[in-house]
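Take a look at the structure below.
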Amino acid sequence: MTADDDHTPWTGYTPVAAWDEAMDVEGAVREPYARVYAEIDRMSGDDLYSRAEALANTYLAQGVTFDHAGEERPFPLDIVPRVIGGDEWDIISPGVAQRVKALEAFLADVYGSQHCVQDGVVPRRLIATSQYFYRSVAGIEPANGVRVHVSGIDLVRDQHGIWRVLEDNVRVPSGVSYVLSNRRAMSQMFPEMFGAMGIRPVLEYSRRLRAALAKSAPEGVDDPTIVVLTPGVYNSAYYEHSLLARTMGVELVEGRDLETVNGRVYMRTTAGRRRVDVIYRRVDDEYLDPVVFRPDSALGAPGLVNAARMGNVTIANAIGNGVADDKLMYTYMPDLIRYYLSEEPILPNVDTWRLEEPDAREEVLDRLDELVVKPVDGAGGKGVTIGSKASPEELEQVRQQILSDPRGWIAQPVVQLSTVPTLTDEGLEPRHVDLRPFAIHDGDDVWVLPGGLTRVALQRGQLIVNSSQGGGSKDTWVLGGVRHRGSGQHPPESRVELSGMSSVPQTAHPEDYVAGQQAQQQQQQREQGGEPC
């Protein structure tokens, strides 16, 4: 680029009606993005595209992929990071921690004395009709009182710049492997900028997770054996399962590797049986124990629930957490925060109509063409209808679904998700994003991973960011960490090796095929297209 050429990758970048996180409506660069803007401004368009291509090739070579319509594709990582100021994060982080503490208290209550029902905070019918409330695990007391060991709280930023909670994920939240992989790749792509900006680290996640799991071991176990339970290599999230097991330094097992004897869980090894104390499971509740749940499941092991009830093994996250994920329960979370913590919510919800309430249902049915309607148990963007983009036939179908099952649906106004600069075929353009911060609860403290998974809708005007709907991701940079100025060295995170970064094996023993197909059919009902859920 010559000195008299004032065309840069930013030329033509114009924020849309939504809150743009990089620029205000006058085109002025917001402070957190100042360094990123200046760095990209010095590049030519060809340089930026060549870096983006190198990034994509790196992901493909490392096997960082997701399943889309039966095809393995590299998970799209945009070259432009999302930047969050330290002052903003100092609101988000305690807001997420507060949410997790309230969810933890609710789950302990709902599987115990149900004081929230007796005191009229939550209707009894709401719990009784939730498909994820399991009476079979009522009364099980975790060793250190933790049921939500790992959570993913989905946040959006509305058109006024206000951070809001979109939904809670405390069953088997996924997607953190992309956070770790994104950081590793981006810190190598922009080492000087990364080191000079004081970006808070994320690669300590695996250490934090292992420590929390160890603290959840049954009473009297000082050196617990921890395993990661996966549905198997055919599962679309297997890359994450493998990465976490390797970076934590624990065994990755399948259900067929486990057995229960006299209320204790063992894994089969070449040296014989070895007792298991903590299972970090990545298998949905209904497939964990064929004795208690689905008898046709080959993904778990018979007797796990009984072993947990006897206090001989810890299952993380706890079975039955899904009752707190219910999108109808989400509408009660502000009240539950006040009830359990005696605090005002730090992060507000998105305004939501409960369609089982007649007045709310009537209003929503009159305004279907301007609202968003969601199934209460949906994931990955599946079943979501944006009224303004739906055809008359689709709106009529939604109307009938609401009338036939009001409990199964909620409605929300269209939130113009905030936008961030994203590299497209036409250059840098604003694209809508959400954010999933991951939190780890060890019984004493809730630690929130700085940043989390930013999912970006790659299509212009698209508001659904899920990868199964064509979305991608961004590395999320939270400012306020240690700066490394002028050292000439890569920042510490760029030097951290992720032993799980190698490609996922694409072959398996022929006998694995039947179990693998069952895994894919069962588990991917919720993890559609490898979608973080």
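Please read all numbers here as calculations on a predicted model, not as lab measurements.
Here Lys374 does not pair with Glu167 in a salt bridge; the nearest charged N to carboxylate O distance is not below 4.0 Å. The pair Arg275-Asp277 meets the salt-bridge criterion, since a charged nitrogen lies less than 4.0 angstrom from a carboxylate oxygen. By the 4.0 Å N-to-carboxylate-O rule, Asp285 lies too far from Arg171 to be salt-bridged with it. Using a 4.0 Å cut-off between charged nitrogen and carboxylate oxygen, Arg274 and Glu251 do not count as a salt-bridge pair. At a threshold of 4.0 Å, the pair Arg455-Asp154 counts as salt-bridged, since one of the basic side-chain nitrogens sits closer than that to a carboxylate oxygen.
Put simply, the side chain of Val253 does not reach to within 4.5 Å of the side chain of Thr230, judged on heavy atoms. Using a 4.5 Å heavy-atom threshold, the side chains of Arg281 and Val172 count as touching. For the pair Asp377 and Tyr132, the minimum side-chain heavy-atom distance is below 4.5 Å. Considering only heavy atoms from C-beta on, Val165 comes within 4.5 Å of Arg99 through its side chain. In this structure, the side chains of Met267 and Glu259 stay at 4.5 Å or more apart for every pair of heavy atoms. Ile127 places none of its side-chain heavy atoms less than 4.5 Å from the side chain of Ser130. Side-chain contact between Tyr280 and Leu244: present, with at least one pair of heavy atoms (C-beta onward) separated by less than 4.5 Å. No side-chain heavy atom of Tyr49 sits less than 4.5 Å from a side-chain heavy atom of Ile79.
Residues Val414 and Val372 approach most closely at CG2-CG2, 3.7 Å, considering heavy atoms. Across Leu258 and Val276, no two heavy atoms sit closer than the pair CD2-CG2, 4.2 Å. Taking all atoms of both residues into account, the shortest heavy-atom contact from Ala214 to Ile226 is N-CD1, 3.9 Å. Nearest approach of Arg309 to Gly139, heavy atoms of both residues: NH1-C, 4.4 Å. Nearest heavy atom pair, residue Val291 against residue Pro302, reads CG2-CB, 3.7 Å. Between Gly175 and Glu240 the shortest heavy-atom distance is N-OE1, 3.0 Å.
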- For side chain to side chain contact (heavy atoms under 4.5 Å, CB included), just list the numbers for Val283 and Ser297, CA-CA rounded to whole Å, side-chain angles, deciding distance to a tenth of an Å, and then say yes or no. CA-CA 11 Å; Val283 175; Ser297 174; 5.9 Å; no
- Task: Could you please spell out the steps behind the side chain to side chain contact (heavy atoms under 4.5 Å, CB included) verdict for Leu243 and Leu180?
- Result: CA-CA 9 Å; Leu243 175 65; Leu180 305 180; 4.3 Å; yes
- Message: For a side chain to side chain contact (heavy atoms under 4.5 Å, CB included) check, start with the C-alpha distance between Ser473 and Asn182, then their side-chain angles and the critical distance, and finish with the verdict.
- Response: CA-CA 8 Å; Ser473 72; Asn182 289 355; 3.1 Å; yes
- Should Trp409 and Leu328 be marked as a side chain to side chain contact (heavy atoms under 4.5 Å, CB included) after you check the CA-CA gap, both sets of side-chain angles, and the distance that decides it? CA-CA 8 Å; Trp409 301 86; Leu328 192 54; over 6 Å; no
- Task: Evaluate side-chain hydrogen bond (donor to acceptor under 3.5 Å, both in side chains) for Arg82 paired with Thr476, printing each intermediate quantity in order.
- Result: CA-CA 5 Å; Arg82 183 191 201 171; Thr476 310; 5.5 Å; no
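Taking Arg460 as the reference, Glu426, Glu429, Arg431 meet the side-chain contact (heavy atoms from CB on, under 4.5 Å) condition, with sequence neighbours excluded.
In this structure, Asn317 contributes its side chain and His149 its backbone to a donor-acceptor pair below 3.5 Å. Counting only distance, with no hydrogens or angles, the side chain of Arg436 and the backbone of Ser174 share a donor-acceptor pair below 3.5 Å. A donor-acceptor contact shorter than 3.5 Å is absent between the side chain of Ser93 and the backbone of Trp89. Distance alone, capped at 3.5 Å, is enough to place a donor-acceptor pair between the Arg407 side chain and the Leu126 backbone. Formation of a donor-acceptor pair under 3.5 Å by the Ser181 side chain with backbone atoms of Ser177 is found in this model. At least one donor-acceptor pair closer than 3.5 Å links the side chain of Tyr330 to the backbone N or O of Val350. Here the side chain of Gln188 pairs no donor or acceptor atom with the backbone of Ala185 at under 3.5 angstrom. The backbone N or O of Pro81 sits nowhere less than 3.5 Å from a side-chain atom of Asp475 that would complete a donor-acceptor pair. Judged by distance alone, with hydrogens and angles left aside, the side-chain atoms of Asn169 form no donor-acceptor pair with the main-chain N or O of Ser151 at under 3.5 Å. Not one N or O on the side chain of Asp434 forms a donor-acceptor pair closer than 3.5 Å with the backbone of Leu155.
Defined by atom type and a distance below 3.5 Å, a donor-acceptor pair is missing between the side-chain atoms of Ser216 and Thr314. For the residue pair Thr260 / Arg264, no side-chain donor-acceptor distance below 3.5 Å is found, with atom types taken as modelled. A donor and an acceptor atom, one from each side chain of Gln412 and Thr352, are located under 3.5 Å apart.
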Tell me which donor-acceptor pairs under 3.5 Å the side chains of residues 439-449 have, and how far apart each pair is, sequence neighbours excluded?
| unit_1 | atom_1 | unit_2 | atom_2 | d |
| --- | --- | --- | --- | --- |
| His441 | ND1 | Glu104 | OE1 | 2.9 |
| Asp442 | OD1 | Asp444 | N | 2.8 |
| Asp442 | OD1 | Asp445 | N | 2.8 |
| Asp444 | OD2 | Lys215 | NZ | 2.4 |

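Between Phe438 and Tyr205, the two ring planes are perpendicular [angle over 60°; tilted spans 30° to 60°].
Proximity of the aromatic rings of Tyr111 and Tyr134 is defined here by a centroid distance below 6.0 angstrom, and this criterion is not met.
Rounded to the nearest 0.5 Å, atoms OH (Tyr287) and CG (Leu229) are 14.0 Å apart. Once rounded to the nearest 0.5 Å, the distance linking CG of Leu423 with CG of Asp78 reads 6.0 Å. Between the CD1 atom of Ile199 and the OG atom of Ser187 there is a distance of 9.0 Å, given to the nearest 0.5 Å. Of the inter-residue distances, the one linking Leu288 atom CG with Phe293 atom CZ reads 7.0 Å to the nearest 0.5 angstrom. In this structure, OG1 on Thr454 lies 4.5 Å from CG on Leu435, to the nearest 0.5 angstrom. The line from CG of Leu107 to CG of Asn321 is 4.5 Å long, rounded to the nearest 0.5 Å.
Residue Gln131 qualifies as enclosed at atom CD: its count of foreign heavy atoms under 6.0 Å is above 12. Heavy-atom neighbours of Glu219 CD from other residues, nucleotides or ligands within 6.0 Å: at or below the threshold of 12.
In summary, of the residues considered (Asp257, Val261, Val313), a side chain to side chain contact (heavy atoms under 4.5 Å, CB included) with Tyr266 occurs for Val261 alone.
Pairs passing the salt bridge (Lys or Arg N to Asp or Glu O under 4.0 Å) check and including a residue from residues 134-147, sequence neighbours excluded, do not occur.
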